[in-house]
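What follows is one structure encoded as structure tokens, with my remarks underneath.
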There are 2 protein chains.
Amino acid sequence: MADGPTITTIAERAGVSIASVSRVLNGLPTRQETVRKVMAAADELGYVRNAVARSLKSRRTHQVAFAMADVGNPAYLAMLRQIQPVLKAAGYRLVLHSTDAVVADEIDVLHSLGERYVDGLIMSPLRVTDAHLQMLAAARAPVVIIGTVPEGTPVDNVRADSRTGVRLAVDHLHSLGRRRIALVNGPPDTWPGASRGAAYREALEQLGLPYDDDLVQIGDFYRAQGGRAVAELLERAPDVDALMCANDLIALGALDVLRAAGRRVPDDVAVVGMDDTDLAAASWPSLSSVSLGSAERGKAAAELLLDRLNGDDAAPRVITVPPRLVVRASTAGETYGHEGGRT
Amino acid sequence: MADGPTITTIAERAGVSIASVSRVLNGLPTRQETVRKVMAAADELGYVRNAVARSLKSRRTHQVAFAMADVGNPAYLAMLRQIQPVLKAAGYRLVLHSTDAVVADEIDVLHSLGERYVDGLIMSPLRVTDAHLQMLAAARAPVVIIGTVPEGTPVDNVRADSRTGVRLAVDHLHSLGRRRIALVNGPPDTWPGASRGAAYREALEQLGLPYDDDLVQIGDFYRAQGGRAVAELLERAPDVDALMCANDLIALGALDVLRAAGRRVPDDVAVVGMDDTDLAAASWPSLSSVSLGSAERGKAAAELLLDRLNGDDAAPRVITVPPRLVVRASTAGETYGHEGGRT
DNA sequence: TTGTAAGCGTTATCAG
DNA sequence: CTGATAACGCTTACAA
């Protein structure tokens, strides 16, 4: 692993100045003869431009960071899958940060923007605290937030609309004739938990359905907890005929427990998940799920950021990606549970 | 977005030289008074070290790249999930490359190592070509390959053992009394396809089972194709009683088709997948699957690379991660298909 | 203990 | 068209 050649090495070899080497390498007008000599020397030495030195001079790293709460979460991965190709096509490298759902880590990432190792940042925070807002106001590089920031925050912002999402699901269940529609939610002190809880209440109201405390069960955003929550719910409200689950994992847990309890899905109980992850299509019965557009949000965020990197300095933009209900077997399909499968 | 302060700005403000600023910032012995002045100035100005300038001087970027074929593939994501925290804990940033299953892109990544924007690379190539080997020999930074490289290649290497993996699965099916065990494979011109095909044949031989062409069906590594392949297989060999699927997606497709055909799983046909992705646990019936240790391989690779980054220059190491059969309902569990769930 | 100055590898300005 | 030369922001001898 000998020390790599630099333009100085090439200059010596080609018998020209480093300035000429640089010019040739950058395609600036140069005499043919010089070009040939430099190219030959570069080839022989296996020269590769030093990105760090370039960045120092040009003040551009051609890197963009994406900060998410958790590399394991399929919703973030859906964003990542969209962000990556967009950035790649534009010639940017992707630096990945996983903040482990720790606010301090997010602030840290924002702070590290000052180190100038990236040209911009896409961040999907759990919730936006005052500390976030402060750092954002002082950010030394363009930032796009995937999530919801307060009105007037001077930052590009791509939002989901989980309120409408919940309503889509509840309306769907209602249109299937369900009237005892339960909510299996995550912790209400998280942004998703809180907003989905409120949206559920609102949706019932619009439909003229009564709100019943017994029909709301709180667990956590994981499969096992979701299952446990549903088990309790079945005790308390045995007449439940539909479950609105705050994410797909909870819904999967619900399917487990319903199956064990001998309730048929969707005949006895219809189930809707949220996020429309890969798991929804994989489960059986396949899971109806509300997509909050993770993929679209990722793409939009990447494109917004690229605009900024290209010098766009218009006022901050807010994009809201509409939710979409994906209907599958858990609310509309055939039932498992009696005779062997048909068709 | 005013231009950020540099050590020069601070030096002026504090009335000291840039050398003193640098010393204070790096915790080198300095007079208390000077420390105070510098810290105060740095605080007031909101100074943050410029990572690029640092890197140029120190020849260390504190970045590591991970190159995978496809950000969408759960097996790579399992690696990523392990790699990320290991690197983070060691103070490295993660640069992600998705090569879209294009060999030229992989070579490109290897080449770009010369740009010195990272201190090292973890790569999981589709297959290792001569071009790879050439670049690896000339690599200007430590590289760890997840996959199999030829004996004697001067590169750290973390391998899976899909041969043993296939045997575990076939043995398992055999021990359940299955004798008509089919293989649903991906394309044989890929490394996984080829090795799994050979391993299947070998496993049958060891068990004294005859090899039957009708029991081998080739499709692609996706759900729909897997399903189609199984449909054909059922026509050709209706007496099949077990399916060894070359990955989980194929196995999911198999479940779809078996259900549609009225075959009970596992009673009529047992199914084993491979890779043990999240989908295996999510499906119903849950899918027995051979884990090739993606997570462990990722972790091992990251640790190997860190050793190198810490100056370890011992001979290249080869680590082989043993496969593990995870038994779930599709080979051992209860059946769906007659009465509603019990338990 | 502190300051001066020489790089790290590029790009870009300015005379020649 | 080309060659010195000065940055970019930082670290680190070497002197003072």
Side-chain angles (χ1 to χ4, degrees), chain A residues 1-39 41-42 45-63 112-119 140-141, chain B residues 1-39 41-42 45-63 112-119 140-141:
Chain A
M1 280 194 222
D3 243 32
T6 71
I7 50 169
T8 309
T9 331
I10 296 182
E12 285 166 2
R13 177 99 166 209
V16 299
S17 72
I18 62 168
S20 286
V21 175
S22 178
R23 276 186 216 106
V24 172
L25 261 25
N26 291 308
L28 298 178
T30 315
R31 185 158 49 119
Q32 271 307 313
E33 173 59 11
T34 310
V35 173
R36 237 196 314 277
K37 282 191 295 187
V38 170
M39 289 310 237
L45 294 168
Y47 172 80
V48 182
R49 266 197 193 73
N50 182 313
V52 178
R54 274 195 121 194
S55 294
L56 179 58
K57 186 75 210 176
S58 66
R59 294 152 161 283
R60 278 258 179 178
T61 60
H62 297 284
Q63 294 191 156
S112 72
L113 233 42
E115 294 180 15
R116 306 200 152 285
Y117 66 97
V118 285
D119 299 338
R140 298 237 171 78
Chain B
M1 280 193 224
D3 242 33
T6 72
I7 51 170
T8 308
T9 332
I10 296 182
E12 284 166 2
R13 176 98 167 208
V16 299
S17 73
I18 62 167
S20 286
V21 175
S22 177
R23 278 185 213 107
V24 171
L25 261 24
N26 291 308
L28 298 179
T30 316
R31 188 159 45 120
Q32 271 307 313
E33 174 58 12
T34 310
V35 173
R36 238 196 315 276
K37 284 192 293 188
V38 169
M39 290 309 238
L45 295 169
Y47 172 79
V48 183
R49 268 196 193 74
N50 182 312
V52 178
R54 279 196 117 195
S55 294
L56 179 57
K57 186 76 214 181
S58 67
R59 296 152 161 284
R60 278 257 179 179
T61 60
H62 297 285
Q63 293 191 157
S112 72
L113 232 43
E115 294 179 15
R116 305 200 153 285
Y117 66 98
V118 286
D119 299 337
R140 297 234 174 82

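Letters A, B, ... are given to chains in the order of the sequence lines, protein chains preceding strands, and every chain is numbered from 1.
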> What is the distance from NZ of K37(B) to C1' of dT2(C), rounded to the nearest Å?
Replying inline: 11 Å

>> Tell me the interatomic distance from H62(A), atom NE2, to dT10(C), atom C1', rounded to whole angstroms.
In response: 13 Å

> For L25(A) and G15(B), take the nucleotide of DNA chain C holding the closest heavy atom to each; which residue's nucleotide lies nearer the 5' end?
Replying inline: G15(B)

> Is there a side-chain contact (heavy atoms from CB on, under 4.5 Å) between R140(B) and V48(A) once you walk through the steps?
Replying inline: CA-CA 10 Å; R140(B) 297 234 174 82; V48(A) 182; 4.1 Å; yes

>> I need the CZ-P distance between R23(B) and dA13(D), as an integer number of Å.
In response: 11 Å

>> What I want to check is whether an N or O donor and acceptor connect the side chain of R116(B) with the base of dG9(C) at under 3.5 Å.
In response: no

>> Do Q63(B) and Y117(A) make a side-chain contact, defined as non-hydrogen atoms from C-beta onward lying under 4.5 Å apart?
In response: yes

> Want to settle it: does A53(B) or E33(B) sit nearer the 5' end of DNA chain C, counting the closest nucleotide to each?
Replying inline: E33(B)

> For L56(B) and dT10(C), what is the distance between atoms CG and P respectively, to the nearest whole Å?
Replying inline: 9 Å

>> Can you measure I7(A) atom CD1 to dG7(C) atom C1' for me and round it to whole angstrom units?
In response: 14 Å

>> Classify S58(A) by what it touches in the nucleic acid, base, sugar-phosphate, or nothing, heavy-atom distance under 4.0 Å.
In response: nothing

> Counting any heavy atom closer than 4.0 Å, what does V52(A) reach on the DNA or RNA strands: base, sugar-phosphate only, or nothing?
Replying inline: nothing

> To the nearest Å, how far apart are R31(A) CZ and dT2(D) C1'?
Replying inline: 9 Å

> What is the nucleic acid contact for R59(A), judged by heavy atoms within less than 4.0 Å: base, sugar-phosphate only, or nothing?
Replying inline: sugar-phosphate

>> Just the rounded figure in Å: distance from P of dT11(C) to CD1 of I18(A).
In response: 10 Å

> Quick one: R54(B) CZ to dG9(D) C1', roughly how many Å, whole number?
Replying inline: 11 Å

> For S22(B) and dT11(D), is the shortest distance between a side-chain N/O and OP1 or OP2 below 4.0 Å?
Replying inline: yes

>> I want to verify a distance call: between dC8(C), dC1(D), dC10(D), whose nearest atom is closest to the Y47(B) side chain?
In response: dC10(D)

For residues 50-57 of chain B, please give each side-chain donor-acceptor pair under 3.5 Å, one per line with the distance, not counting sequence neighbours.
unit_1	atom_1	unit_2	atom_2	d
N50(B)	OD1	V52(B)	N	2.8
N50(B)	OD1	A53(B)	N	2.9
R54(B)	NH2	N26(B)	OD1	3.3
S55(B)	OG	A51(B)	O	2.9
S55(B)	OG	R60(B)	O	3.0

> Does a sphere of radius 6.0 Å around CD in Q32(A) hold more than 12 heavy atoms from other residues, nucleotides or ligands, not counting ones at 6.0 Å or beyond?
Replying inline: no

> Which part of the nucleic acid, if any, lies within contact of T30(A), taking any heavy atom under 4.0 Å across all strands shown: a base, the sugar-phosphate backbone alone, or nothing?
Replying inline: sugar-phosphate

> Is there a donor N/O on one and an acceptor N/O on the other, under 3.5 Å, for the side chain of K57(A) and the base of dG9(C)?
Replying inline: no

> Are OP1 or OP2 of dG3(D) and a side-chain N or O of S17(A) less than 4.0 angstrom apart?
Replying inline: yes

>> Do M39(B) and V35(B) make a side-chain contact, defined as non-hydrogen atoms from C-beta onward lying under 4.5 Å apart?
In response: yes

> At under 4.0 Å, does any side-chain N or O of N26(A) touch on OP1 or OP2 of dT11(C)?
Replying inline: yes

> Does a side-chain heavy-atom distance below 4.5 Å link V21(A) with Y47(A)?
Replying inline: no

>> Can you see if the side chain of T34(A) gets near the phosphate of dT2(D) - specifically, an N or O under 4.0 Å from OP1 or OP2?
In response: yes

